[in-house]
Undergrad: 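Sharing a structure with you now.
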Amino acid sequence: MTPLCQGGVRAGHSKAIPGLGEKGDRTTSSSQFVDFTGDRVVTSLTQCAEQVRGLIDAWNITGEKSLWFRGHSDFTWGLTPGLHRWPKGAYHERELVRDFAIHSPRFLDHAPASGLGRLAVMQHYGMPTRLLDWTESYLVALWFAVEGPGHGGDAALWAMRPAYLNRETLGEHSIPPEGDSRLRDHVLPDPETRIRTVRASRPAAFRPVRTSARIVAQRGTFTVHGADQRPLDVILEELHGTATKGMQAAKLRIPADSRHEILTELRFAGITDSTVFPELSGISREIFRRYVG
């Protein structure tokens, strides 16, 4: 496929949606497509803005409609939640949630208001969960993509229309808050029931309560996996092939030799360790990066 906004073709015009109608793009409308090939390339902040603008135009995003982003320092990684990267992770979620609930209260100013809220707090403090972090800011996602070493290879910037996922998962074209009753099947029952799997099969997108400075600074959002442990990108491609109206998702490639320059541009744009992590750990990393690297 030809990258959006390259080759002199402006996104939103008749030639600006590359590859539609090719393999993997079975839709009823040219505004719905899934492209995880990495043919869309980002080498600078300017080009990133052009690519995002191209997706906004191609997907007919207007008003308050949401577009979420996620950065990966390794292009080869799929959208797999931390808990599902461990062979016995999902099986022991019941114990992880139970024990965190036992030990965490003395460290928290407020108890989580919902089951998904508890997962969000667990994720915040480093516990692998069924959640995937997303952000409403492509600059924040881009920072996460390029700030790490990435094993010397290309990085990735993911983009997704969360409402399209929820249309197939929840039956509604909307993004509920974390305590919404429509998400109850994505939460394990009380640990005393000894049930180890959630009732929902497919992932869903939701908006967390923004109780921490970090999640506010990162404009954070989440998807939560159901019982299906396959990576979200695999599930999105499958849904795109079966859903009446398709999906809207893309994966942009960030070449390895562009990572440092993009990180420098982000610093001048005010996206740094301390703005993404507005706490002492972020300030410490930013000071060290400034003088040492």
Undergrad: Using side-chain heavy atoms (C-beta onward) and a distance below 4.5 Å, is Phe144 in contact with Ser73?
TA: no

Undergrad: Between Trp134, Phe222, Trp68, which is the residue that forms a ring pair (Phe, Tyr, Trp, His ring centres under 6.0 Å) with Phe206?
TA: Phe222

Undergrad: Could you check whether any side-chain N or O of Gln47 sits under 3.5 Å from a backbone N or O of Thr43, counting only pairs where one atom can act as donor and the other as acceptor?
TA: yes

Undergrad: Could you list the residues that satisfy side-chain hydrogen bond (donor to acceptor under 3.5 Å, both in side chains) with Arg207, not counting sequence neighbours?
TA: Ser66, Glu136

Undergrad: CD of Gln248 to CG of Leu236: how many Å apart, nearest 0.5 Å?
TA: 11.5 Å

Undergrad: Working to the nearest 0.5 angstrom, can you tell me the gap between Leu170 CG and Leu165 CG?
TA: 7.5 Å

Undergrad: Who are the ring pair (Phe, Tyr, Trp, His ring centres under 6.0 Å) partners of Phe75, not counting sequence neighbours?
TA: none

Undergrad: Just so I know, are the side chains of Val41 and Leu252 near enough to count as touching, which here means a heavy-atom distance under 4.5 Å?
TA: no

Undergrad: For Ile102, look at atom CD1 and say whether over 12 heavy atoms of other residues, nucleotides or ligands are found less than 6.0 Å away.
TA: yes

Undergrad: Return the CG to CG distance between Leu266 and Leu45, rounded to the nearest 0.5 Å.
TA: 4.5 Å

Undergrad: Check salt bridge (Lys or Arg N to Asp or Glu O under 4.0 Å) between Asp273 and all other residues, then give those that pass, not counting sequence neighbours.
TA: Arg285, Arg289

Undergrad: Would you call Phe69 and Val52 a side-chain contact if the rule is heavy atoms closer than 4.5 Å?
TA: yes

Undergrad: Check whether any side-chain heavy atom of Asp185 sits under 4.5 Å from a side-chain heavy atom of Val198, and report yes or no.
TA: no

Undergrad: Taking ring pair (Phe, Tyr, Trp, His ring centres under 6.0 Å) as the test, write out the residues that go with His225, two or more places apart.
TA: His84

Undergrad: For the side chain of Thr135 and the backbone of Val140, is there at least one donor-acceptor N/O pair under 3.5 Å apart?
TA: no

Undergrad: Any carboxylate oxygen within less than 4.0 angstrom of a Lys/Arg side-chain nitrogen, looking at Glu147 and Arg259?
TA: no

Undergrad: Taking ILVMFWY side chains as joined if any heavy atoms are under 4.5 angstrom apart, and letting links pass through other members, which residues group with Phe288?
TA: Ile283, Ile287, Tyr291, Val292

Undergrad: Holding to salt bridge (Lys or Arg N to Asp or Glu O under 4.0 Å), I want the full list of residues that pass it with Glu95, two or more places apart in sequence or in another chain.
TA: Arg196

Undergrad: Without swapping roles, check the side chain of Arg202 against the backbone of Glu168 for a donor-acceptor pair under 3.5 Å.
TA: yes

Undergrad: Please report the interatomic distance CG(Asp133) to OG1(Thr221), rounded to the nearest 0.5 Å.
TA: 8.5 Å

Undergrad: Holding to salt bridge (Lys or Arg N to Asp or Glu O under 4.0 Å), I want the full list of residues that pass it with Arg130, two or more places apart in sequence or in another chain.
TA: Glu93

Undergrad: To the nearest 0.5 angstrom, please state how far the CG atom of Asp39 sits from the NZ atom of Lys251.
TA: 11.5 Å

Undergrad: Using the six-membered ring wherever Trp is involved, compare the ring planes of His72 and Trp77 and label them parallel, tilted or perpendicular (cut-offs 30° and 60°).
TA: perpendicular

Undergrad: Among all residues two or more places apart in sequence or in another chain, which pass the ring pair (Phe, Tyr, Trp, His ring centres under 6.0 Å) test with His124?
TA: none

Undergrad: For this output row, return yes or no: ring centroids of His173 and Tyr164 closer than 6.0 angstrom.
TA: yes

Undergrad: Within the 4.5 Å heavy-atom criterion, are Trp86 and Pro128 side-chain neighbours or not?
TA: yes

Undergrad: Can you measure from CZ (Phe36) to CZ (Arg253) and round to the nearest 0.5 angstrom?
TA: 14.0 Å

Undergrad: When you check the side-chain N and O atoms of Asn166 and Glu172, is any donor under 3.5 Å from an acceptor?
TA: no

Undergrad: Give a yes or no on whether Phe277 and Val146 share a hydrophobic cluster (residues Ile, Leu, Val, Met, Phe, Trp, Tyr; joining criterion: side-chain heavy atoms under 4.5 Å apart).
TA: yes

Undergrad: Spell out, as yes or no, whether a donor-acceptor pair under 3.5 Å connects the side chain of His240 to the backbone of Ala249.
TA: no

Undergrad: Sequence neighbours excluded, which residues qualify as salt bridge (Lys or Arg N to Asp or Glu O under 4.0 Å) partners of Arg267?
TA: none

Undergrad: Could you name each residue pair satisfying side chain to side chain donor-acceptor pair (under 3.5 Å) that touches residues 109-121, not counting sequence neighbours?
TA: Ser114-Glu178

Undergrad: Quick one: ring pair (Phe, Tyr, Trp, His ring centres under 6.0 Å) partners of Phe100, sequence neighbours excluded?
TA: none

Undergrad: Is the shortest side-chain heavy-atom distance between Leu142 and Ile254 below 4.5 Å?
TA: yes

Undergrad: Using side-chain hydrogen bond (donor to acceptor under 3.5 Å, both in side chains) as the criterion, list what pairs up with Ser281, not counting sequence neighbours.
TA: Glu279

Undergrad: Taking the side chain as every heavy atom from C-beta outward, state whether Thr223 and Leu131 have any atom pair closer than 4.5 Å.
TA: no

